[in-house]
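To start, the structure itself, in structure tokens.
So you know, we letter chains A, B, ... as the sequences are listed, proteins then strands, and number each from 1.
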Amino acid sequence: MSGDLIVPGVGDPWPADPEAARAVQERLAGRVRPEALEADAVSVVAGLDVTYAVDEERLVAAAVVMTADTLEVVETSVVTARPRFPYVPGLFAFRELPPLLEAVDRLRVRPDVYVCDGYGLAHPRRFGLACHLGVLLDRPALGVAKSAFVGRTEAPAAQRGAWSELREGEEVLGRALRTREGVKPVYVSVGHRVDLEGATRLVLRLTPRYRLPEPIRRADQLSRGVLAGRTASSG
DNA sequence: GCGACAG
DNA sequence: ATCTTGTCGC
């Protein structure tokens, strides 16, 4: 069932170059299965993020599990690794996925949704990091990016909650969502087993104060802290 | 061909 | 992404 999946690990294949990586994306893209997500019913989420060292010789992946209602941290995990793939726009899942999957694997609590820092379907081959992670785990996942990569969008209204479609021609790839009044929007897209409306509403639940979803912010802080040599803190 | 290009 | 403090504004 999973024998042909590209999963990191001893003996598992991993694309050696961009061409092979793109082929992997094109093949796995067919496995993405959007489905309705009842955002208000989500109780536990995991925010994922990766921080790089200056020279990019080392990277730190972090997973922060939080309750969706009170945004309390339930569990965290951190994995340090060396990148297995160069950074290429559209292919960074091949850099971040190995340590992220390891971090996810170490969690004892299974979150309802994985919130990724990057794109889902809003990707050149419709298979961004959120799709890749979601498909490999066959679990709900969505992507939240800080800038646009593919597609075009009109600026959403200034108030929090306003959004506009991110589209390429007639194809809707995601939404530019205003999570804070008057602040630059974030780009939300479907990863796996969620829909755009549900993803949008969940992201709004996770952004009561800052521009980025709290789980992603916490994962970012955690990975940065570890990379900087700071020990696990409680803040 | 040229520029732009998630993190 | 990363290098980096204070500062202006709601």
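Evaluated for a side chain to side chain contact (heavy atoms under 4.5 Å, CB included) with A:Val60, the options A:Leu222, A:Val79, A:Thr80 yield exactly one hit, A:Thr80.
At a threshold of 4.0 Å, the pair A:Arg218-A:Asp49 does not count as salt-bridged, since none of the basic side-chain nitrogens sits closer than that to a carboxylate oxygen. A salt bridge links A:Glu102 with A:Arg106: at least one charged nitrogen is closer than 4.0 Å to a carboxylate oxygen. With salt bridges taken as basic N to acidic carboxylate O contacts below 4.0 Å, one links A:Glu35 and A:Arg193. Taking a cutoff of 4.0 Å between a charged side-chain nitrogen and a carboxylate oxygen, A:Arg152 and A:Glu168 do not qualify as a salt bridge. Salt-bridge formation is detected for the pair A:Arg175/A:Glu197: a Lys NZ or Arg NE/NH1/NH2 atom is positioned less than 4.0 Å from an Asp or Glu carboxylate oxygen.
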Quick test: give all pairs of protein nitrogen or oxygen and nucleotides 4-10 of chain C nitrogen or oxygen below 3.5 Å, distance rounded to 0.1 Å.
none

Please write out each protein N/O paired with an N/O of nucleotides 1-3 of chain C under 3.5 Å, distance rounded to 0.1 Å.
unit_1, atom_1, unit_2, atom_2, d
C:dT2, OP1, A:Arg224, NH1, 3.1
C:dT2, OP2, A:Arg224, NH1, 3.1
C:dT2, OP2, A:Arg224, NH2, 3.0

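The outermost nucleotides of DNA chain B lying under 4.0 Å from heavy atoms of chain A, listed 5' to 3', are B:dC5 to B:dG7.
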- [ ] Determine, step by step, whether A:Tyr114 and A:His192 satisfy the ring pair (Phe, Tyr, Trp, His ring centres under 6.0 Å) criterion, reporting the C-alpha distance in whole Å, the side-chain angles of both residues, the deciding distance to 0.1 Å, and the verdict.
- [x] CA-CA 9 Å; A:Tyr114 293 92; A:His192 187 57; over 10 Å; no
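Using a 4.0 Å heavy-atom distance criterion, A:Leu59 is classed as making no nucleic acid contact. Using a 4.0 Å heavy-atom cutoff across all strands shown, A:Gly90 reaches at least one base atom of the nucleic acid. Counting non-hydrogen atoms under 4.0 angstrom, A:Asp55 reaches nothing in the nucleic acid. If you check every strand for non-hydrogen atoms under 4.0 Å, A:Ile216 touches nothing.
Legend: residues meeting salt bridge (charged side-chain N to carboxylate O under 4.0 Å, His left out) with A:Arg95, ordered by chain and number and at least two apart, are A:Glu56. Every residue meeting the side chain to side chain contact (heavy atoms under 4.5 Å, CB included) condition with A:Asp40, not counting sequence neighbours, appears here in chain and number order: A:Glu38, A:Arg201, A:Arg205. Checked against side-chain hydrogen bond (donor to acceptor under 3.5 Å, both in side chains), A:Thr153 has the following partners two or more places apart in sequence or in another chain: A:Ser164. In this view, A:Ala53 and A:Asp55, A:Arg58, A:Leu227 satisfy the side chain to side chain contact (heavy atoms under 4.5 Å, CB included) rule, not counting sequence neighbours.
For the salt bridge (Lys or Arg N to Asp or Glu O under 4.0 Å) condition, the pairs that include at least one residue of residues 206-216 of chain A, sequence neighbours left out, are A:Glu214-A:Arg217. Every pair tested for ring-ring contact (aromatic ring centres under 6.0 Å, His included) that includes a residue from residues 199-230 of chain A fails, sequence neighbours excluded, so the list is empty. Pairs passing the ring-ring contact (aromatic ring centres under 6.0 Å, His included) check and including a residue from residues 25-82 of chain A, sequence neighbours excluded, do not occur.
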Task: Secondary structure of DNA chain B in dot-bracket form (Watson-Crick or G-U wobble, distances below 3.5 Å, | marking inter-strand pairs) - done: .......
Open item on the list: Could you write out DNA chain C as dot-bracket? Rules: Watson-Crick or G-U wobble, both distances under 3.5 Å, brackets [ ] for crossings, | for pairs with another strand, dot for unpaired.
Closed with: ..........
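Between the side chain of A:Arg178 and the backbone N or O of A:Ala157 there is at least one donor-acceptor pair closer than 3.5 Å.
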